[in-house]
Amino acid sequence: MSNGIFSVPVPVNEPVLSYAPGSPEKAELKKALAEMNGSVMDIPMFIGGKEVRSGTKIPLSPPHDHQHVIGHYYRGDASHVKSAIDAALQAKAAWAALPWEQRASVFLKAADLISGPYRARLNAATMLAQSKNVYQAEIDAVAELADFWRFNVYYMEGIYRQQPDVSPKTIWNRLEYRPLEGFIFALSPFNFTSICANLSSAPAMMGNTVVWKPADSQIYSAQVLMEVFREAGVPDGVINLVFVDGPEAGEVIFNHPDFAGLHFTGSTGVFQHLWKTIGNNISRYRSYPRVVGETGGKDFIFAHPSADVEALAVAISRGSFEYQGQKCSASSRAYIPRSIYVDVMSRVLADLKTMKMGSPLDFRNFINAVIDERSFDKIASYIDRAKASPDSEVIAGGNYDKSKGYFIEPTIVKTNNPKSLTMCEEIFGPVLTVYEYEDDKWEETIGLLDQTSPYALTGALFAQDRYAIHRGSQLLEHSAGNFYINDKPTGAVVGQQPFGGARGSGTNDKAGSYLNLIRWASPRTIKENFVPAKDYRYPFLAEE
Ligand code: NAD
């Protein structure tokens, strides 16, 4: 029997390995890549612990080599979503009743599995399925995910420790952090393996059971996550994985009376549509569902005339083009003062010339493919429109080719219209738009930046003048949920920079922090009276 009194030591961030030539991790990863790239993985859905194969088989190919098949998955329908909900509801009571430290152990084990025996396999899956170079895979699928699990356990214990401040004599006041009543729907995007795992596992850690639908292009690495969940000991039915068309899944989920919460990461348009659907169905549910969504961005770098030019140029190159600009945090608009513009941009253009593009299997490639044809076509059309626009000029890149893989050169558009299309809309690709402003208009330009897009996810301010740092930070107070001073706006680390944006960018519940976990609990207040009153009459009623 557990007495439930344990404390969790402060975790340490998982170290990022170098994969330098000759390193053991590189040899192991190369082996996993060769094996996985040379075979075809058969990927079932997982419902109630059972592998489920439907009649419809869909091939999966790496974005950098779209004619090469590395796996196939089985597409489900509404009946699979119903079964997954039933399995989640059936598994709920036992999982919720398990002492928290038992649930914690499952995810601590999962963290040790991916930083140990599963490291190469999970990285290889992410490199192949999502076209990430080794560094991008390592910081996502291994480092960030291990951090999510270890830090969330720490935060969970911290939440449970939060109890009412006062229990007067004869009374004991307590808070019990129950999981939500019903099931949680985790709906995940293509771009981060870690986010996909966290969307399903964070509610599960807090005692909830989950139906998880990943993006089609992430199914291949989702399969490896499922292997890890199973080996770590996530019981049958706690996390159910279905491969169903989003709207078809939504039709079943959002009409179910036991729908208790949505844990979403993806685009703003989809999230707003889901929120509306939930709102329209609100009277069908047993509880008010928790709606947590991290969505799109139009992330900025703003340079003050006092900015360090070298640091700024590196932040632009890395922040805008790593993982082909497909990070929700990637900078896609930059504001640079005239006095340093030429110096900064000549450095960035020189950097771009040295960036090699191609398959992640060749470790020398910094840039890989964008996720799929739909994305490729969308990004290419933004580039074409910028080329045709009288107020914009493509000053770097601008070429694209989808003959073998979905490759788009890192592209920089210079505009003299701070509200041009590519300054305002999320493109989600390797396209940065820069706007050169007059040095003495820097405060005015910050005002313009703040009013240019509906998003407020990440942003960076570069300045060395302390007054400018202070003033700029004030003016940009609501422009970003993750704000950086003299650093690139990407690369948030769990336990260090809790991540999430406001305005159109999401509910800002900060993935990888107690703020997120608390959304998956429904506290019950318990007052226990050891010596209850035995007479209804108060003293004031007595005769004079
Ligand atoms: P997406 O919105 O296209 O898809 C997200 C998920 O929703 C997928 O599983 C998809 O199949 C599903 N879906 C789509 N339409 C649906 C519908 N009508 N009903 C039910 N499900 C539906 O997003 P994506 O292209 O996979 O990911 C890129 C987006 O995610 C970008 O906008 C990016 O900014 C955002 N993102 C945000 C963060 C963040 O933390 N703010 C992190 C990563 C990605």
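Counting starts at 1 for both ligands and their atoms, following the listed order.
Ligand 1 has no N or O atom lying under 3.5 Å from any N or O atom of S505, backbone or side chain. In terms of N/O distances under 3.5 Å, ligand 1 is approached by E426. Distances between N or O atoms of N191 and those of ligand 1 include no value under 3.5 Å. Note: no N/O pair closer than 3.5 Å links L274 and ligand 1 by distance alone. Residue-to-ligand polar distances place S267 within reach of ligand 1: an N/O pair is separated by less than 3.5 Å.
Taking the six-membered ring where the residue is Trp, Y335 and F302 present tilted rings, their angle falling between 30° and 60°. Taking the six-membered ring for Trp and thresholds of 30 and 60 degrees, F376 and Y406 have ring planes inclined between 30 and 60 degrees apart. The aromatic rings of F243 and Y73 stand perpendicular to each other, their planes meeting at an angle above 60°, with 30° marking the opposite boundary.
Using 4.0 Å as the threshold, F271 has no heavy atom nearer than that to any atom of ligand 1. For P247, the heavy-atom gap to ligand 1 drops under 4.0 angstrom. The shell of residues lying under 4.0 angstrom from ligand 1, judged by heavy atoms, includes F190. Every heavy atom of G506 sits 4.0 Å or more from the atoms of ligand 1.
Side-chain polar atoms of T433 and T422 form a donor-acceptor pair below 3.5 angstrom. Donor-acceptor pairing under 3.5 Å is lacking for the side chains of S217 and D372. Looking only at atom types and distance, the side chain of N198 has a donor-acceptor partner in the side chain of N152 under 3.5 Å away. In the model, T458 has no side-chain atom that pairs as donor or acceptor with a side-chain atom of N482 under 3.5 Å. Side-chain polar atoms of T507 and D509 form a donor-acceptor pair below 3.5 angstrom. Y323 and N368 are not linked by any side-chain donor-acceptor pair at a separation below 3.5 angstrom, with hydrogens and angles left out of the test.
Proximity of atom 23 (O) of ligand 1 to the protein is indicated by at least one non-hydrogen atom lying closer than 4.0 angstrom.
Taking a cut-off of under 4.0 Å to the non-hydrogen atoms of L457, the atoms of ligand 1 that pass are 41 (N). If you number the atoms of ligand 1 from 1 as listed, the ones under 4.0 Å from a heavy atom of H273 come out as 18 (N).
Looking at G246, G266, S188 and measuring to atom 6 (C) of ligand 1, the nearest heavy atom belongs to S188. With atom 36 (N) of ligand 1 as the reference point, the heavy atom nearest to it among G296, C328, G297, P189 is part of C328.
Atom 13 (N) of ligand 1 has as its closest protein heavy atom V270 CG1, 3.9 Å. The protein atom (non-hydrogen) at minimum distance from atom 28 (C) of ligand 1 is F428 CE2, 3.5 Å. Considering only non-hydrogen protein atoms, atom 12 (C) of ligand 1 sits nearest to L187 CD1, 3.8 Å. Among protein heavy atoms, the minimum distance from atom 10 (C) of ligand 1 is reached at K213 NZ, 4.0 Å. Shortest contact from atom 41 (N) of ligand 1 to any protein heavy atom: T295 O, 2.8 Å.
Ion pairing of K132 with E138 is absent here, as no side-chain N (NZ or NE/NH1/NH2) approaches a carboxylate O to less than 4.0 Å. Taking the charged nitrogens against the carboxylate oxygens, R318 and D351 have no contact shorter than 4.0 Å, which rules out a salt bridge.
Within a 6.0 Å radius of OH in Y514, other residues, nucleotides and ligands contribute 12 heavy atoms or fewer.
In F499, the part holding a heavy atom less than 4.0 Å from any atom of ligand 1 is the side chain. Counting heavy atoms closer than 4.0 Å to ligand 1, residue P214 contributes backbone atoms (N, CA, C, O) but none from C-beta onward. No part of K327 comes within 4.0 Å of ligand 1, judged by heavy-atom distances. The proximity of I195 to ligand 1, defined as any non-hydrogen pair under 4.0 Å, is limited to the side chain.
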Identify every side-chain donor-acceptor pair in residues 266-274 under 3.5 Å, counting partners at least two apart or on other chains, and give the distances.
from: T268; atom 1: OG1; to: T295; atom 2: OG1; distance (Å): 3.1
from: T268; atom 1: OG1; to: G296; atom 2: N; distance (Å): 3.1
from: T268; atom 1: OG1; to: G504; atom 2: O; distance (Å): 3.1

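The backbone N or O of V134 lies less than 3.5 Å from no partner atom in the side chain of N123, so there is not a single donor-acceptor pair.
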